[in-house]
Amino acid sequence: MGSVYSAPFVDVCNEGIIQWGEKKTMSEVNPSDRLNLGVSVHHLSTVFADRVKKAPVPGHHGPKKVYDIVESVICSTGKDTVCSRDGRKGSAYVDAIDAKDVGPATHMLSYTWGYTVQSIISSLSKFCEDNK
């Protein structure tokens, strides 16, 4: 399956961690190895979806779009976390969540901020279901 990773690897479609090589915590992983990390679909469909559901969007009714929750959910999650790449306060979402939900990205999703969060999550979940 290509390269061997010493960092925890999370299969994009599963919630479990598959260890390749030496077990390390995410804080022990070399910052250059963290450039291609991704968030698991399991995290998106559970923890992230719950955060989106609870996020207040004044004057908004109906499905939330990415631009509705970028500040209240995505940016706020990493605002107090030290970035593993530059050592400054304020990290990417992937650096601020539980390490069990993070691993080397295996797929890239192209989307716009105008998509509903639910459509993105359901598309990824369907992809995983179809590709078990």
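This structure is a prediction, so every number in the text was calculated from the model and none was measured. The first residue in the sequence is number 1, and the count goes up from there.
- Here salt bridge (Lys or Arg N to Asp or Glu O under 4.0 Å) pairs that include residues 108-128, with residues two or more places apart or in two chains, are K126-D130.
- In this structure, L44 and L124 have side chains that are in contact, with non-hydrogen atoms separated by less than 4.5 Å.
- Hydrophobic clustering (side-chain heavy atoms under 4.5 Å, transitive across Ile, Leu, Val, Met, Phe, Trp, Tyr) keeps L37 apart from V82.
- In this structure, T81 OG1 and R88 CZ are separated by 14.5 Å, a value rounded to the nearest 0.5 Å.
- The distance from atom SG of C75 to atom CD1 of I69, rounded to the nearest 0.5 Å, is 9.0 Å.
- The shortest side-chain heavy-atom distance between D50 and V47 does not fall under the 4.5 Å cut-off.
- Annotation: side chain to side chain donor-acceptor pair (under 3.5 Å) contacts of T116 (sequence neighbours excluded): S119.
- Checking side-chain atoms of D95 against main-chain N and O of S91 turns up no donor-acceptor pair under 3.5 Å.
- For residues 68-82, the set of pairs meeting the salt bridge (Lys or Arg N to Asp or Glu O under 4.0 Å) definition, not counting sequence neighbours, comprises D80-K89.
- T46 is linked by a side chain to side chain contact (heavy atoms under 4.5 Å, CB included) to H42, counting only residues two or more places apart in sequence or in another chain.
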**Prompt:** Passes side chain to side chain contact (heavy atoms under 4.5 Å, CB included), V39 versus I97? Steps please.
**Reply:** CA-CA 9 Å; V39 178; I97 63 173; 3.8 Å; yes
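- Take Y67 and apply the side chain to side chain contact (heavy atoms under 4.5 Å, CB included) test, not counting sequence neighbours, and it matches K65, W113.
- Rounded to the nearest 0.5 angstrom, R51 CZ and S76 OG are separated by 8.0 Å.
- Remark: S125 pairs with V41, S45, I121 by the side chain to side chain contact (heavy atoms under 4.5 Å, CB included) rule, at least two apart or across chains.
- The two residues C83 and G90 have their closest heavy-atom pair at CB-O, 3.7 Å.
- Both V117 and Y115 are assigned to one and the same hydrophobic cluster, defined by single-linkage of ILVMFWY side chains at heavy-atom distances under 4.5 Å.
- Between F48 and Y93, the angle of the ring planes goes over 60°, which puts this pair in the perpendicular group of the 30/60° scheme.
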